Each structure stands twice: as C-alpha cells, then as structure tokens.
Amino acid sequence: MAETPSVEQLLSGLNPQQRAAVTHGRGPLLIVAGAGTGKTATLVHRVAWLIAQGTEPGRILLLTFTRRAAAEMLRRADGVLREVAKTTGRGPSSRVWGGTFHAIATRLLRRHGRAIGLAEGFSVHDRGDSEDLMNVVRTGLGLAKTDRRFPKKGTCMAIYSRCVNSRSKLEPVLEKAFPWCRGWEDELKRLFDAYVDRKESLGVLDYDDLLLYWHALLGDETVGPRIREQFDCVLVDEYQDTNTLQAEIIHRLRPDGQGLTVVGDDAQSIYSFRAATVRNILDLPKRYPDTTLLTLEQNYRSREPILEAANHVIGQAKERFTKNLWSDRQGGGRPRLVACEDEDDQTAYVVRRILEHREEGIDLRRQAVLFRASHHSILLEAELTRREIPFHKYGGLKFIETAHIKDLLAFLRLAENPRDVVAGLRVLPLVPGIGPAKAHALMDMVGGSGEPFAAWKTWRPPEAARAAWPALVELMTSLAGPGKNAGLPEQVHRVRAFYSPLLEQVYDNPVPRSRDLEQLEQIASRYRGRRTMLTELTLDPPSSTQDLAGPPLLDDDYLILSTIHSAKGLEWDCVYVIHAVDGNIPSDMATGSPEEIEEELRLFYVALTRAKNWLDVCCPLRYYNYQRGTSDAHGYALPSRFISDNVAKFFDRVTPGSSLTEDDEPEKRQPPTGLTSETIRRRTKGLW
DNA sequence: CTACCGGAACTTTTT
DNA sequence: GTTCCGGTAG
C-alpha cells in the first residue's frame, strides 16, 4: 500500500508498533503501552492521522484523565497537523471533543439534558459540596445522634460514590470496602434515598451524577442514538483507571467497538480507591471479540539502569500482563537508594542534589520530588522557601478547597441557584448572629422564581445581625436579579466588598486570604459567564494560586513537588522519591488487603518510571511523630517492603551522612578538632 | 432554642 | 488547618 508523501511524513519517527497503532482501521483497538513508551505521541498521531484521513475533528471524542492531558494532546495534534497541512489541506484539530469524562458529560448534559428532564442550568457539586449536602440530609434524618456512632459525612459519601461508580448494591460494597460500617444498611439506604431526592429538588448534580446521567442519556431511545451518531471515533486514555460506570458509558457510545481506541497499562492502575478496576482493560477483548491488541514495549524515557530497577520492582506483582520494558539508552549511573537518618537529613540531601543538578545545567522544572501523601512535603517546602528556591506543588489541598475561596464562590453559587442549600448554609452563618438553625430557616424561605430572596427583606434579624443583614440581602438580590448581567470581575468585587470585613473577623490570617480573593477577581474576566466559571472551577480546579494566575513565564524556573498520583503521565530528568519507608509506601491506610498492597506496589512503580536520567529514592529511617506531642515522639521506620534485597541490588546504596548536611543544627555537629572560630577569622583576614 | 467559643482529634491518593 | 464535640451564655 503506497502512502501519500504527507502521511509518510506524519508517520516518520514512529516505531513499527506505534505506526501500526496510529494507522489501525475502524475495528476496536487496545493499545497496551508501558511507561514511557510514547503513548501520548501515539495517541496524538492517531488523532492527527484520523483527521488527515478525512475524519472531521468535531466527530472525534478524546477522553483523558485530566483536562491538562487533553489540552496537551490537542496542542500536539495541532502541531503534527500543521506539519502535514500543506499537502493534505486538513485543518487543525482544535474542534476535537477533548476532556475528562466529567467535563464531557457536563457538555453533553447541558446540550441534551432536557430530553431526560434535566434543567439546563443545573449546578455541579464538587466532593466537598456533596459531603456537605450529605451532612444536611444526615442531620435531617436524625442520624447525627445515634447510640452507636454513625459513619461521618465523608464516609457516607465515599460509600455512596462507590456504589454508583462500581454499579453494585450497598451490601457487597460495605462487605468489601467498608466492613466497619456493616449494621447500618437500613439507615444508609434511607440516607442515600433522601440525598438523591434532595439533589433532585435543588437542581444539583454531583460528580457521580455526571457519569450516571450521561450513561442514562445514552440509554434513552431518542437521545442515545443522536449522541452515538455524533462521534465516529472515540479514544480513551489511561483506560486502566476507568471504573465500571465509565466502561459502560464507552460501551454505550460504541456498542460494536467500531471506531474505538483504548490506551492503558495495567501495571499503572492506581485509582481503585475511586472504584477504578483493571478488569476494564483486561477484559476489553472479551467485550469486543474482534479487538486488535498492540503492545508498546520500547521505553524512550528512562536510561537502562533505572528501567532495570523499576522492572524488578514491578516484577514482584502477582498478576500482570505487560512484559518488561526495554530501553536502548544505555550507560549512566544506577539509581540511588539513600538511607537518610531522619527527615531533616532527607531534606538536606534532596536540596543539595537538586542544586548540584542545577549547577550541571538541569533546570529546576526538569526535576521533581515525588511523595505518597500530600503532607509528606511540608518540611521540604519550608526549607525550599527559606532558601528561596521556587517550587510548584501538585496534588493535596487545592486552592479552591480553602475556606475563604469556598466562601466567596458560595455567594456566586447561591445567586446562580438560590435553592442551593449548601451554598446558603455557607453564606448565611458568616453574618454574626446567624447560625446553622437560622440559616436553615432562611433557606426554606427562598422562593423559586421571580425574586427568590424577597422573603429575606421582611425578615427581622437578631440584634447582632442588624448591621450586616440589609447589605447581604441587597447583594444577593442584585446578584440574582439585575446585577446578574454585570461583568464577572464586578460581581466578585461586590462580594468581596461585603465579605472582606467578615473575613477579618473569622480568620486570624486574613492578609494572605485577602490576596487570594483579589487574585480570584483578577482571573474572573477569563470566564464567559458566571455559570461557566463555577462549573469549570469545580471540574478542573487549579492546583495552586500560581496555577490560577496563569501559565508561568517561560523564563522563570521552578521545582516540581507532586503526589505520585498527580505525577501520572509526566516525566522529568531527575526524580527524587521521598519517604520511601514502610507505612508511607505502602501507606498504612492501604495495607488491609493484598489487592490494596498490590496497588501500592504499582504506585511505587509509577513513581520510579517518571525518571529519565537520575533517580534517587530516599528512606528516612527515624521519623518524628507529630501527633504524639513533643517529648519522645520519635519512631523508627523500615525501608519500603517493595525494596526487597533482590530489588536493592539494582540501586547504589548511599548514606548522606551528617557531614554532608547543612549547618542548621549546631548541636549535631561538633567542629573538627583544631579548628576554632578564631582560626577562621585569622584565615579570612589573610585573604585580602 | 440558638450562637459561639474552646479544646481535642485527625489529616491517602482525586474527577 | 480543619472538623467535630460539649459546654456556656444569651
């Protein structure tokens, strides 16, 4: 088969397996792509190839794990297309439907939701909002004060979510994942029923609903076929991390598998806590018997010694389908296994290595520190700040989840959807003199249409609320009514005018919080409208203030700190894995069952395979237990159980030793004999 | 009955 | 830095 020159050009630089994947026809295609095997490049080229072959960009659906990944792929696909555009005349891929399952679900539901009785203006609750609503219902049913302690709101939400996402009944879910909550079946069922009703009456969808409604939409006799016909090709990235509900959505989108491409790596499945199941990727050939399976095994990312160590780590997994990866990037040193005395030692070591590498010409942004839990980097962050080394942290508590940001957004959400109790219960108690009880009563007074907050005007506030009450009523009335069409920055500004004085009373560190709010006002102009801003912020929350401020300037350089989960799909020249001790990797919270431990092993594997050229794994052996007060709160840890003797052989063992650490703790290091400060002064004077 | 304060306990990973 | 609880004051 003779290829046209432009297509040949598009395929140049791909290896035979990648090429086969890119040019595969319409039948269902499963690409099992190991870490660093050019998975993204393959997917990008496939999108470009499909377009070059005549598929309209708007008829391609690209589902990725994060929006960041989607944007990156579309950007790169544009690049590839531009290269070949001269000869094919095909346009850019920018109209490809790309995004997360949740983001795409929102778009489709706004467009077609009417057909299944969904109001177009529905609002989306994030995890925190959902928990709050769950709590409202939980208290309403009197489950908050029972003889035995009833599961807390977060646990209730987790159980509910798992039922929805794994599409299974309550009993097995409790049995398998929440054994300590058995015995509350009846109460939980009542609670979930009430929660569902409540969402319905408020016109609110939570994360799980987005998937659930999308699924339902596809099952509808009239709309279902319309959506199916909208797309010729569906491509799914990170398929190993999809859950049962998502797999069924895919199945309903492409019932016969025609035009379906799925990419994943069962060795990198790390989201089972979110009800993801590896079975989706493993069983795809069973679901579609004519599936073509292609495997990518050549790793272009890591040097061979790093890959060898990583292969031996994942070699300990019980069930695995992908083969070992290989690389022709020979040479270079082996990865390091660093036995640190304690966390301070680890911090000093990591900082020193980072600076050494920077001296050698590796920018900070090409280096990353990875850890299991977000709080593992606290000490390091403090040290980086002290040394004025810029860094950017991914994962963990997000900007959007801080109390003051949620407060401010709650005003906007309440204006957008006056029935949103969760928003109301956040806004109202900010006024002195109004607590949960009065807030509840006030929310019951809110009307449906016309002027929703009219009843608040005649309400007689308690003495303490006299001053602030009329201002709040005026603010809300205006935001929900005539002020609705004001510019978004203007709206935020008005909320800020009302909220700022309260902020100073409620929080003891109002200054940085106030700055965050100003920032929010600044970026508000970026969004098309209030509803868009609110949904985008819940579906794609910026991970930090810096992120929110926009892409950093090209010339400023910063180190990456990230949870291993957030590091998925990314790569750096130098990777430092910290806190690689038992209890952290694997986490104590995840050692209940063999399956959980297996997932922790894969997580460790993901961390190691992020490294291109240098890899340091640090194990601080003595740690400080912050929960146990000040005296004698030290404990001892062992290196991660995943670094067995057989694995350790592939690392260089390093001991930083106290002489290499920085001079922060004088009591630890005696000055070498014979050298006194007096001699130093004398020597110094001899210098000039 | 309601609001508010202080203390205690806990904090995995994320759309 | 929260969230959850119990006690106290209005």
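Protein chains get the first letters and strands the later ones, always in sequence-line order, with residue 1 at the start of each. Since the structure is predicted, the reported quantities are computational estimates derived from the model, not experimental observations. Just the heavy atoms: all of them, side chains too, but no hydrogens, waters or symmetry mates, feed the values below.
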Considering only side-chain heavy atoms of A:R274, which listed nucleotide, C:dT2, B:dT15, B:dT13, is closest?
-> B:dT15
How is A:Y271 classified with respect to the nucleic acid when contacts are heavy atoms under 4.0 Å: base, sugar-phosphate, or nothing?
-> sugar-phosphate
Take atom CG of A:N165 and atom P of B:dT15, then tell me their distance rounded to the nearest Å.
-> 14 Å
For A:E463 and C:dG10, give me the distance from atom CD to atom P, rounded to whole Å.
-> 15 Å
A:W214 and A:F101 aromatic ring geometry - parallel, tilted or perpendicular at 30°/60° bounds = tilted
Closest listed nucleotide, where the reference is the side chain of A:R513 and the choices are C:dT2, B:dT13, B:dT15 = C:dT2
Can you give me the N/O atom pairs linking the protein to nucleotides 2-8 of chain B at distances under 3.5 Å, or say none if there are none?
unit_1	atom_1	unit_2	atom_2	d
B:dA3	OP1	A:G435	N	2.9
B:dA3	OP2	A:A437	N	3.3
B:dC4	OP1	A:G433	N	2.8

Does a side chain donor of either A:T347 or A:E383 reach within less than 3.5 Å of an acceptor in the other side chain?
-> no
Spacing of A:Q246 atom CD relative to B:dT14 atom P, expressed in whole Å = 16 Å
A:D265 and A:E238: CA distance, side-chain angles, deciding distance, side chain to side chain contact (heavy atoms under 4.5 Å, CB included) verdict = CA-CA 7 Å; A:D265 177 10; A:E238 308 278 14; over 6 Å; no
Does one side chain, of A:D266 or A:Y239, offer a donor that lies under 3.5 Å from an acceptor on the other?
-> no
Sugar-phosphate only, base, or nothing, as touched by A:R602 at under 4.0 Å among non-hydrogen atoms = nothing
Any A:T563 side-chain N or O less than 4.0 Å from OP1/OP2 of B:dT14 = yes
Spacing of A:L245 atom CG relative to B:dT15 atom P, expressed in whole Å | 17 Å
Considering only side-chain heavy atoms of A:S566, which listed nucleotide, B:dT15, B:dT13, B:dT14, is closest?
-> B:dT14
How close or far is atom C1' of B:dT13 from atom NZ of A:K568, stated in whole angstroms?
-> 11 Å
Could you tell me whether A:E416 and A:R413 have a side-chain N and a carboxylate O separated by less than 4.0 Å?
-> no
Parallel, tilted or perpendicular: rings of A:F65 and A:Y271 (30°, 60°) = tilted
Describe the nucleic acid contact of A:R67 in one word from base, sugar-phosphate, nothing, applying a heavy-atom distance below 4.0 Å.
-> nothing
Set out, line by line, the N/O atom pairs under 3.5 Å between protein and nucleotides 3-8 of chain C.
none

What's the CD-C1' distance between A:E401 and B:dT15, to the nearest Å?
-> 11 Å
Could you state the CD-C1' distance from A:E238 to B:dT15, rounded to the nearest angstrom?
-> 13 Å
Take A:R127 and A:E131 through the salt bridge (charged side-chain N to carboxylate O under 4.0 Å, His left out) test and state the conclusion after the steps.
-> CA-CA 6 Å; A:R127 183 57 181 264; A:E131 285 181 5; 3.5 Å; yes
Using a distance-only test with no angle check, is there a side-chain donor-acceptor pair under 3.5 angstrom linking A:E381 and A:S377?
-> yes
Identify whether a stacking contact exists between A:F273 and B:dT13, where the ring centres must be under 5.5 Å apart and the planes under 30° apart.
-> yes
Minimal heavy-atom distance between A:V173 and A:C163, with the atoms involved, is CG2-SG, 3.9 Å
NE2 of A:H375 versus P of C:dT2: gap in Å, rounded?
-> 16 Å
A:E518, CD: over 12 other non-hydrogen atoms inside 6.0 angstrom | yes
